[in-house]
There are 2 protein chains.
Amino acid sequence: MNGFGSAFLLAQVGAHAAQRFAERIGELDLTPAQVGLLRLVATRPGQSQQAIAAQLGTQPTRLVALVDGLEKRGVLERHRNPEDRRLYALQLTDDGRELMSRIAIEAVAHERALTAALSNDERGVLRELLTKIADEQGLQPGVHPGYAGGRLS
Amino acid sequence: MNGFGSAFLLAQVGAHAAQRFAERIGELDLTPAQVGLLRLVATRPGQSQQAIAAQLGTQPTRLVALVDGLEKRGVLERHRNPEDRRLYALQLTDDGRELMSRIAIEAVAHERALTAALSNDERGVLRELLTKIADEQGLQPGVHPGYAGGRLS
DNA sequence: TATTGTTATACTCTATAACTATA
DNA sequence: TATAGTTATAGAGTATAACAATA
């Protein structure tokens, strides 16, 4: 029992969760920003870099180096859009899809390790409460500021 | 209902909580790092800069500019320790204590706004679950990585 | 010689603005 | 003229190492 409210605990445990996840995917030579990008491309393939930048809440210029690295690594591809040759359509390669499955394995292990103190019922309650907060606060599912890495506006 | 686990939700909601709190204290012309420092000095006055750096999980060199700014502002004071003149003993001024009470007011308002979607009972359950996780994960009460602001190691 | 606090240097990261090509 | 993507420049922020004062 201490004097800290749930808002402080949320920030503290949330930052810890992000750090531990970053360590895990760091073993796959990935950064949180790269995982955020890969996740968006996997969920909705064919989007332009600017569309993805808007969803990540980051600047379009940041995507250039981000996509460069993942493309050089062979997990992501730029395809020119024939209808508008200014746009790229980003898509995963076969290696990219395999990488995503390895990320998913890490995410499951991370989830289990982080909530090791909770029972299955408690895990469900926690997710329910957090979902309520996220909905009321207008947070977009699947994206969080850690992916952007930017400063506070 | 989405496919994201409670670990992801924790990171997402936690980052959102930290951002909103940073916005609030930003209206008091304070950064999260400054608040973390002030909180430690208020809780245990008289500590050296290196002792505080260790608790914040940051480098001692960062504290110089941090303390400089707050001292110039008149909320914090460096007192030489007579027993060991290498050490400073950091203490709040009267203005500093007044500032802390204003921070506390913001913290309460922040808490209420962030958990507006929950009932009082649910708020208690959330705090209980988060405390369980924080204890099991070995997190120190009252300090979180947002105060350090550093990169992942 | 070891330690506290300070300063100086280099490095990383980000944001802003110009530039190329396509429309 | 407007937009997608790229590149270049400058700025903020951090870490590392060297330095002065004290033990």
Side-chain angles (χ1 to χ4, degrees), chain A residues 15 18-19 22 26 29-37 40-41 44-72 76-91 145-153, chain B residues 15 18-19 22 26 29-37 40-41 44-72 76-91 145-153:
Chain A
Q19 269 197 355
D29 273 316
L30 288 172
T31 66
Q34 288 176 319
V35 172
L37 168 59
L40 281 182
V41 175
R44 208 157 8 127
Q47 293 190 100
S48 71
Q49 295 184 185
Q50 296 223 4
I52 286 181
Q55 292 168 66
L56 283 175
T58 186
Q59 307 257 341
T61 55
R62 277 201 63 196
L63 278 186
V64 179
L66 214 56
V67 173
D68 279 352
L70 293 175
E71 191 177 33
K72 201 167 294 177
L76 202 66
E77 280 177 347
R78 284 178 168 103
H79 292 287
R80 278 288 179 194
N81 187 331
E83 300 176 359
D84 187 339
R85 290 179 49 76
R86 293 175 302 183
L87 286 72
Y88 282 123
L90 298 182
Q91 289 182 341
Y147 286 160
R151 297 269 150 264
L152 312 167
S153 56
Chain B
Q19 268 197 356
D29 274 316
L30 288 172
T31 66
Q34 288 175 319
V35 172
L37 168 60
L40 281 181
V41 175
R44 216 169 346 140
Q47 295 191 98
S48 71
Q49 296 184 183
Q50 295 224 3
I52 286 180
Q55 293 168 62
L56 283 176
T58 186
Q59 307 258 339
T61 55
R62 276 201 64 195
L63 278 187
V64 179
L66 215 55
V67 173
D68 279 352
L70 293 174
E71 192 177 33
K72 201 166 297 177
L76 203 65
E77 280 178 346
R78 287 179 168 102
H79 292 287
R80 279 289 179 194
N81 187 333
E83 300 177 357
D84 186 340
R85 291 179 48 75
R86 293 174 302 182
L87 284 73
Y88 282 123
L90 299 182
Q91 289 181 341
Y147 285 160
R151 295 273 150 263
L152 312 167
S153 55

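In what follows, every chain begins at residue 1, and chains take the letters A, B, ... in the order their sequences are listed.
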*Asks:* What protein N or O atoms touch nucleotides 6-8 of chain D N or O atoms at under 3.5 angstrom, if any, and at what distances?
*Replies:*
from  : atom 1 : to    : atom 2 : distance (Å)
D:dT6 : OP1    : A:R78 : NE     : 3.1
D:dT6 : OP1    : A:R78 : NH2    : 3.1
D:dT6 : OP2    : A:Q49 : OE1    : 3.3
D:dT6 : OP2    : A:Q49 : NE2    : 2.8
D:dT6 : OP2    : A:R78 : NH2    : 3.2

*Asks:* Taking all non-hydrogen atoms of both residues into account, name the closest pair between B:N81 and B:E83 and its distance.
*Replies:*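 Shortest heavy-atom separation between B:N81 and B:E83 comes out as OD1-N, 3.0 Å.
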*Asks:* Can you tell me the distance, in whole Å, between the CG atom of A:L66 and the P atom of C:dC13?
*Replies:*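 After rounding, the gap between these two atoms is 12 Å.
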*Asks:* One pair to check against side chain to side chain contact (heavy atoms under 4.5 Å, CB included): B:L76 and B:L37. What are the steps and the verdict?
*Replies:* CA-CA 10 Å; B:L76 203 65; B:L37 168 60; 4.2 Å; yes
*Asks:* How many Å lie between CZ on B:R62 and P on D:dA12, as a whole number?
*Replies:*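 Between P of D:dA12 and CZ of B:R62: 16 Å.
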*Asks:* For a side chain to side chain contact (heavy atoms under 4.5 Å, CB included) check, start with the C-alpha distance between A:D68 and A:R78, then their side-chain angles and the critical distance, and finish with the verdict.
*Replies:* CA-CA 9 Å; A:D68 279 352; A:R78 284 178 168 103; 3.0 Å; yes
*Asks:* For nucleotides 21-23 of chain C, give me every protein contact, N/O to N/O, under 3.5 Å, one pair per line with atom names.
*Replies:*
from   : atom 1 : to    : atom 2 : distance (Å)
C:dA23 : OP1    : A:R85 : N      : 3.0

*Asks:* Nearest whole angstrom, please: distance from the C1' of C:dT4 to the NE2 of B:H79.
*Replies:*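 Spelled out: NE2 on B:H79 to C1' on C:dT4 is 18 Å.
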*Asks:* If you count every heavy atom of other residues, nucleotides or ligands that lies below 6.0 Å from A:R44 atom CZ, does the total exceed 12?
*Replies:*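 Count not over threshold, so no.
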*Asks:* Output the distance between atom OH (B:Y88) and atom NE2 (B:H79), rounded to the nearest 0.5 Å.
*Replies:*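 Reported value, rounded in 0.5 Å steps: 11.5 Å.
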*Asks:* Using 0.5 Å steps for rounding, measure from the CG atom of B:L66 to the CD1 atom of B:I52.
*Replies:*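 B:L66 atom CG to B:I52 atom CD1 measures 9.5 Å (nearest 0.5 Å).
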*Asks:* Which heavy-atom pair separates A:Q47 from A:A51 by the least distance, and what is that distance?
*Replies:*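 What the structure gives for the nearest pair is OE1-CB, 4.2 Å.
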*Asks:* For C:dT14, take OP1 and OP2 only and decide whether either is under 4.0 Å from a side-chain N or O of A:Q59.
*Replies:*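 For A:Q59, the contact criterion (side-chain N or O under 4.0 Å from OP1 or OP2 of C:dT14) is not met.
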*Asks:* Partners of A:T31 by side chain to side chain contact (heavy atoms under 4.5 Å, CB included), sequence neighbours excluded?
*Replies:*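 Scan of A:T31 (side chain to side chain contact (heavy atoms under 4.5 Å, CB included), adjacent residues dropped) gives A:A33, A:Q34.
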*Asks:* What is the separation between atom CD on B:E77 and atom C1' on C:dG5, rounded to the nearest whole Å?
*Replies:*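 Distance, rounded to whole Å: 18 Å.
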